[in-house]
Structure formats: C-alpha cells, structure tokens
Undergrad: 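Here it is, the structure in full.
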Amino acid sequence: MPELPEVEVVRRGLDRWASGRTIAAAEVLHPRAVRRHPAGPLDFAARLTGRRLGPARRRGKYLWLPVGDAADTDTADDGFALLAHLGMSGQLLIQPPGTPDERHLRIRVAFEDADGGELRFVDQRTFGGLSLHPGDTAAEGLPDVIAHIARDPLDPAFDEAVFHAALRRRRTTVKRALLDQSLISGVGNIYADEALWRARLHYERPTATLTRKQTAELVGHVRDVMNAALAEGGTSFDSLYVNVNGESGYFARALDAYGREDEPCRRCGAPMRRSPWMNRSSYYCPRCQRPPRPSAR
DNA sequence: CAGAGATCCTGCAAGC
DNA sequence: TGCTTGCAGGATCTCT
C-alpha cells in the first residue's frame with residue numbers, strides 16, 4: 001500500500017545503494033512482474049546486463065533510474081530507463097550476499113560489485129512491476145509511459161491554480177479526484193481519507209463546488225500528511241535495506257481517519273464511520289465531515 | 001470524451 | 001475443523 005512518502009523513502013534508498021552500480025545479471029522469476037515490459041522477461045534481463053544505473057527519480061508513485069553504458073562515467077543515460085511501480089505490496093530491497101530468497105521474490109538484479117548486495121523486487125500480490133522504456137524526450141527524462149502522471153503536491157512545480165481549475169471543471173467527487181493520478185499524483189486511499197478528515201470535507205463532495213480557499217486548504221493538508229509520514233518513514237531507510245513494509249512501516253500511529261471505524265473522532269469524539277466506496281472503504285467523521293446536500297452539484 | 005465501475009492477484013480473517 | 005467468502009487496493013481497461 002505504498003503511497004508517495006513510502007515511495008520517496010525507497011527512492012532515497014535506491015539512490016544511495018543502487019545508483020552508480022553496474023549490473024552483472026538480471027533474472028525474472030515471475031513474468032507478471034515485467035508485464036509492462038512489452039518485449040518480455042528475457043529481453044528485460046538481457047538489456048540490463050552490463051549497464052550502469054543512474055540517479056533514482058520519482059513522480060507520484062512511480063520510480064525510475066536512467067540506464068546507461070557502464071563505461072559512461074557521468075550521466076549514465078543513453079536513452080532508456082528502468083521504471084518501477086510498487087503496486088500494493090511491492091518492495092525493492094538491497095539484500096546482502098547469501099540472503100535466502102524471499103517467498104515472493106519476482107526479480108533479482110546482481111551487480112558487479114557483489115559485496116554491496118543485490119537488488120530484489122519482492123511482491124506478494126503482483127500489482128507492481130519493473131519495465132524498461134525509452135524516454136528522455138522530456139526535459140526531465142520522464143519515461144513516455146508515465147507522461148500522463150501529474151506532479152505531486154510535494155513537487156515545487158506543482159501548480160495549485162491549475163489543480164483548482166481542473167477540480168472546478170470536473171463533474172466528480174473530491175475523493176475520486178484526489179486518487180486521479182492525472183490531476184494530482186501520489187495520493188492513495190489512506191492519505192486521501194486523512195487529508196479529507198483534516199480538511200473537514202466529505203468524500204462525496206462535488207469538486208465543482210470547492211472554493212479556491214478550500215482547494216488550497218485541502219492541498220495543504222495532503223502536503224502535511226505526506227510530510228509527516230515522510231518525516232517518520234524517512235528515518236528508517238538509513239541501513240543496507242531499501243524497504244517498505246505495508247503493515248508495520250506504515251506510520252500507522254499517525255492515522256486519524258483510516259481504519260478507525262467506530263473509534264471516536266480525534267476532533268469531536270463522534271464515532272468514526274466506514275462506508276463502502278469503489279470496491280474499498282472510506283473512513284470519515286459523520287459530524288465533522290457532513291455529506292453534501294443532494295441538490296448541490 | 002468524461003466519468004463510473006470492474007478487474008487483476010494473493011493471503012489473511014471471518015463466518016458457517 | 002475445514003471450507004467458502006470477503007476484503008485490501010493502484011492502475012488500467014471497458015462500458016455507458
């Protein structure tokens with residue numbers, strides 16, 4: 001269930017422990033993990049071999065590293081990128097030599113400097129995956145397949161006025177919009193509920209009714225929730241392990257809304273509610289977060 | 001074309 | 001006890 005803060009922690013870990021290293025061999029143990037690589041598992045592995053990884057980058061929940069010539073000592077960029085998405089349960093780990101294979105190990109990447117450990121992609125539910133893409137057409141070298149992903153609210157170039165205009169234009173509800181990665185990226189179900197609770201907005205509030213001020217407050221709360229999670233999770237990456245654990249590492253103690261059904265609202269004391277929503281759940285306070293009037297739209 | 005809903009996948013928990 | 005069912009969820013696909 002990694003959202004932006006968790007992915008950013010992984011990015012930092014990759015940048016520290018994988019960037020700049022040369023790949024000796026790659027091995028795909030489950031084809032579904034590379035299903036977004038059109039040419040298949042063998043091509044994926046062959047194209048990585050002998051290549052050097054560049055600095056780790058991120059947009060929203062996507063991560064990528066430019067892949068270059070081993071001999072090229074500067075930018076490590078000759079036109080393609082290793083793209084990763086963790087899905088729901090994906091982990092990118094740097095494991096020391098001799099570490100037994102994880103049960104859900106999907107992809108192994110060994111480096112020429114084997115002492116530094118190997119990179120592993122472990123993913124129980126296989127919603128995540130790795131792939132290789134041409135891409136440095138854009139100034140930032142954004143892989144083409146994620147060109148539709150919007151900037152995230154921690155990105156200095158995130159444009160709040162543009163986001164607000166998009167919300168006003170849409171005929172949808174606010175939580176759907178928060179989860180729409182083409183409008184704002186990096187927000188998942190958990191932090192959407194957290195930010196809406198802080199902003200005292202009901203998840204079914206039509207986006208077209210939001211004022212400029214409400215949008216600003218909502219974005220501010222999204223940013224706060226992410227920064228708080230980052231401050232907490234960012235402290236745990238300082239080891240040989242690049243690790244995201246959907247359960248324990250999830251900053252659970254900081255959650256005010258998600259998973260708190262029947263527990264008292266931390267603001268007003270009313271019992272929190274859970275409602276089915278889009279094949280999942282929305283957690284909210286029925287007193288602080290009033291549902292929109294049916295006539296409003 | 002925009003928006004809503006289904007779908008993929010696995011392990012765990014709850015219920016009969 | 002052992003089976004079935006439900007749930008979790010990001011991104012993508014399909015349908016209206």
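Residue numbers start from 1 in every chain, and the chains themselves are labelled A, B, ... in the order their sequence lines are given, proteins ahead of strands. Side chains are part of it too, since the values below use all heavy atoms of this structure and drop only hydrogens, waters and symmetry mates.
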Undergrad: Would you please say whether a donor-acceptor pair under 3.5 Å links the side chains of A:Glu102 and A:Gln95?
TA: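 The answer is yes; a qualifying pair exists.
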Undergrad: Want to settle it: does A:Thr173 or A:Asn279 sit nearer the 5' end of DNA chain B, counting the closest nucleotide to each?
TA: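 Result: A:Thr173.
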Undergrad: Can you tell me how far P of C:dA11 sits from CZ of A:Arg32, to the nearest Å?
TA: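 After rounding, the reported distance stands at 14 Å.
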Undergrad: Can you list every pair that meets ring pair (Phe, Tyr, Trp, His ring centres under 6.0 Å) and has a residue in residues 86-131 of chain A, with sequence neighbours left out?
TA: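 Residue pairs passing ring pair (Phe, Tyr, Trp, His ring centres under 6.0 Å), neighbours aside: none found.
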Undergrad: For A:Pro291, which of A:Arg205, A:His202, A:Glu204 qualifies under side-chain contact (heavy atoms from CB on, under 4.5 Å)?
TA: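 Output: one option passes, namely A:His202.
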Undergrad: Name the orientation class of the two ring planes belonging to A:Phe163 and A:Phe158 (parallel below 30°, tilted from 30 to 60°, perpendicular beyond 60°).
TA: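 Plane angle between 30° and 60°, so tilted.
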Undergrad: Could you go over nucleotides 12-14 of chain C and give all protein N or O partners under 3.5 Å, atom names and distances?
TA:
unit_1, atom_1, unit_2, atom_2, d
C:dT12, OP1, A:Tyr62, OH, 3.3

Undergrad: To which residues is A:Leu42 joined in a hydrophobic cluster, defined by side-chain heavy-atom contacts under 4.5 Å among Ile, Leu, Val, Met, Phe, Trp and Tyr, whether direct or through other members?
TA: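 Cluster partners of A:Leu42: none, it stands alone.
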Undergrad: Between A:Arg280 and A:Arg170, which residue's closest nucleotide on DNA chain B lies nearer the 5′ terminus?
TA: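 On the 5' side of the pair lies A:Arg170.
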Undergrad: Could you tell me the boundaries of the chain A footprint on DNA chain B, defined by atoms under 4.0 Å from its heavy atoms?
TA: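 Contacts span B:dG3 to B:dG11, reading 5' to 3'.
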Undergrad: Separation of A:Glu261 atom CD from C:dC7 atom P, in whole Å?
TA: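 Rounded to the whole Å, the gap is 11 Å.
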Undergrad: So that I can tick it off, tell me whether A:Asp152 and A:Arg58 are bridged by a salt bridge, with the cut-off set at under 4.0 angstrom between side-chain N and carboxylate O.
TA: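 A salt bridge links A:Arg58 with A:Asp152.
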Undergrad: Taking A:Arg57 first and then A:Asp15, would you say they form a salt bridge - that is, a charged N and a carboxylate O separated by under 4.0 Å?
TA: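 Salt bridge absent between A:Arg57 and A:Asp15.
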Undergrad: Could you tell me how far apart A:Ile190 (CD1) and C:dA8 (P) are, to the nearest whole angstrom?
TA: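 Atom CD1 in A:Ile190 sits about 11 Å away from atom P in C:dA8.
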Undergrad: Cation-pi check for A:Trp197 against A:Arg267: NZ or CZ below 6.0 Å from the six-membered ring centre and within 45 degrees of the axis, yes or no?
TA: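 Ring-cation test returns yes.
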Undergrad: Bend angle of the helix from B:dA2-C:dT16 to B:dC16-C:dG2 from five-pair axes at both ends, rounded to 10°?
TA: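 Comparing the axis at each end, I get an angle of 60°.
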Undergrad: Rounded to the nearest 0.5 Å, how far does CG of A:Asp180 lie from NE2 of A:His148?
TA: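 Between atom NE2 of A:His148 and atom CG of A:Asp180 there are 9.0 Å.
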Undergrad: Atom CG of A:Leu83 and atom P of C:dG10: how far apart are they, to the nearest Å?
TA: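 Taking atom P of C:dG10 as the reference, CG of A:Leu83 is at 17 Å.
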Undergrad: Starting at CG of A:Asp180 and ending at C1' of C:dG10, how long is that distance when rounded to a whole Å?
TA: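 Answer to the nearest Å: 12 Å.
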Undergrad: Is A:Arg266 paired with A:Asp256 through a side-chain N to carboxylate O contact shorter than 4.0 Å?
TA: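 Yes.
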Undergrad: Just to verify, what does A:Glu112 make a salt bridge (Lys or Arg N to Asp or Glu O under 4.0 Å) with, not counting sequence neighbours?
TA: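 With neighbours one apart ignored, the set is empty.
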Undergrad: Tell me whether the side-chain N or O atoms of A:Arg125 pair up with the base of C:dG10 as donor and acceptor below 3.5 Å, since no angle test is needed here.
TA: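 Donor-acceptor pair under 3.5 Å: no.
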Undergrad: Heavy-atom nearest nucleotide on DNA chain C for A:Arg274 versus A:Met278: which residue maps closer to 5'?
TA: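 The residue mapped nearer the 5' terminus is A:Arg274.
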Undergrad: Could you give the CG-to-C1' distance, from A:Leu179 to C:dA8, as a whole number of Å?
TA: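 Answer to the nearest Å: 14 Å.
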